[in-house]
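Heads up, the thing below is written out as structure tokens.
Chain letters run A, B, ... following the sequence lines, proteins first, then strands; residues in each count from 1. Heavy atoms only: backbone and side chains are in, while hydrogens, waters and symmetry mates are out. No experiment lies behind these values; they were computed from the predicted model shown.
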Number of protein chains: 2
Amino acid sequence: MTENDKLTEERIFEAATDVFVDKGMDGARMQDIASYAGINKALLHYYFRTKDQLFNAVFEMIARKMLKKFAPVFDENLTIEEKIRFFFKEHIAFLQENPKLPGFILNEINRNPARIKILLENIHFEKLWEKLYEQHKAELENYNITEDTMPQLMVSIAALSVFPFAARGLIEGILEKADLGFNKFIEERKEFAASFVIKAIKK
Amino acid sequence: MTENDKLTEERIFEAATDVFVDKGMDGARMQDIASYAGINKALLHYYFRTKDQLFNAVFEMIARKMLKKFAPVFDENLTIEEKIRFFFKEHIAFLQENPKLPGFILNEINRNPARIKILLENIHFEKLWEKLYEQHKAELENYNITEDTMPQLMVSIAALSVFPFAARGLIEGILEKADLGFNKFIEERKEFAASFVIKAIKK
DNA sequence: ATTAGGTTTAACCGAATGGTCAAATGTATT
DNA sequence: AATACATTTGACCATTCGGTTAAACCTAAT
């Protein structure tokens, strides 16, 4: 049953993804994953020998999926400002559908920083801003951005997009008292963050 | 021995802080904390009955310490721009000395959001931007900030300061290839982030 | 010196957890 | 129908972990 086979493995993988993202590596229980997938715990170990192996598979898949969302911006033929607006719209929309990913990834990275190096090799994520800088060298004359400050800019953009989700618990707690829902806050953020960055870098 | 007593309890508390911040609630082991404090595991339970109690004590102390760093800005008699520069300088300096706090807090908040509500009640952190907005109402005529967008601004400022530490593993992995140390990156960030925000909100 | 009370320890307990195994079940091939 | 092979399961194991207990230790007061 290659068909059923795939189904089982996929069900396991999806269950594992949900549980790991929700509880983290340390908090996740193999039994939970098995129950969630509607199978026996031994079958988990049949498909993925150990918890570590299962976790690594899940983590790499998620990290790849997330980092990939950063990439398409660089292929589009757009001005910097258009790219910035495009990025915030797309990336925040992605996070709206996967709101727990930021917290999960940041946490697991801190728990095991070594994993990142492997990840960054598999996905070629290096010198990403250099490419961007080359693409817009002429255009950047009108902006307060040099090659040196590109990393600062990139991290800032990532921060503005990712942080609200990573700190959702805090933000919700505070916004509540201003009776402003988190969803509305995020929806408004797509435009706010984009304009914020563009204003910030303009000469 | 009230003197020795305090010493033991303090040693335990400090050890617990280190271990919890490093491994998180789920990853931390009572035995590790005991060993780290140079005492017996039973003595841990003698001073702090359960792991939960110990963790709560540690977490609340850390959260209070960290959130407190946000407060002084509001007491100073400074212009907005001065406050922004002051904040980034002070807050990032604080994080330089406690680089693992952001990851720890964000993670534990996601793992147990309910705890936040209790915390936010103990520390009165509410409507903080309303105070700020009132203080600078007149001055804000020259900026693109309304009362509605204050939360967006506040979250953005926090993001720019906190995120690099929460994502340190990632940033280091990427910066490495640009042979720029994390420390240098952070040092430069104090000025970069401040100017970034000021530019962004100016009319 | 003895007592009393807080402090510290070694040994232990029960539950939970990651992982294993032999048996059972299903399935395709001959 | 019989064989061979992959899939699935229940029962089980060893270890780890949070927590307990009873006894030992220390110190100050009588």
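Between B/Thr8 and C/dT7 there is no side-chain N or O to OP1 or OP2 distance below 4.0 Å. For D/dG19, the OP1/OP2 oxygens have no side-chain nitrogen or oxygen of B/Tyr46 closer than 4.0 Å.
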One character per nucleotide, please: for nucleotides 13-18 of chain C, 5' to 3', B when the base has a protein heavy atom closer than 4.0 Å, S when only the sugar-phosphate does, - otherwise.
----SB
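Ring geometry for B/Phe87 versus B/His91: interplanar angle under 30°, hence parallel rather than tilted (30 to 60°). Taking the six-membered ring where tryptophan is involved, the planes of A/Phe48 and A/Phe13 are tilted, since the angle between them lies from 30° to 60°. Relative ring orientation between B/Phe59 and B/Phe55 is described as parallel, the plane-to-plane angle staying below 30° on a 0-90° scale split at 30° and 60°.
Atom P of nucleotide D/dT20 and atom OH of B/Tyr47 are separated by 17 Å, given to the nearest angstrom. Between A/Ile33 atom CD1 and C/dG19 atom C1' there is a gap of 14 Å when expressed in whole angstrom units. For B/Arg11 and C/dT7, the CZ to P distance is 14 Å, given to the nearest whole Å. For the pair B/Leu43 CG and D/dT21 C1', the interatomic distance rounds to 15 Å; values are reported in whole Å. Rounded to an integer number of Å, the gap from A/Phe48 CZ to C/dT20 P is 16 Å. Counting to the nearest Å, the P atom of C/dA10 and the CG atom of B/Leu44 are 14 Å from each other. Between the C1' atom of D/dC25 and the CD1 atom of B/Ile39 lies a distance of 16 Å, rounded to the nearest Å. The interatomic distance linking B/Leu7 (CG) with C/dT8 (C1') rounds to 15 Å, in whole Å.
Checked for salt-bridge contact, B/Glu60 and B/Arg64 meet the test: a charged N lies under 4.0 Å from a carboxylate O.
Within the model, atoms OH of A/Tyr143 and OG1 of A/Thr149 stand 14.0 Å from one another, a figure rounded to the nearest 0.5 Å.
With hydrogens and angles left out, the side-chain atoms of A/Asn107 and A/Arg111 include no donor and acceptor closer than 3.5 Å.
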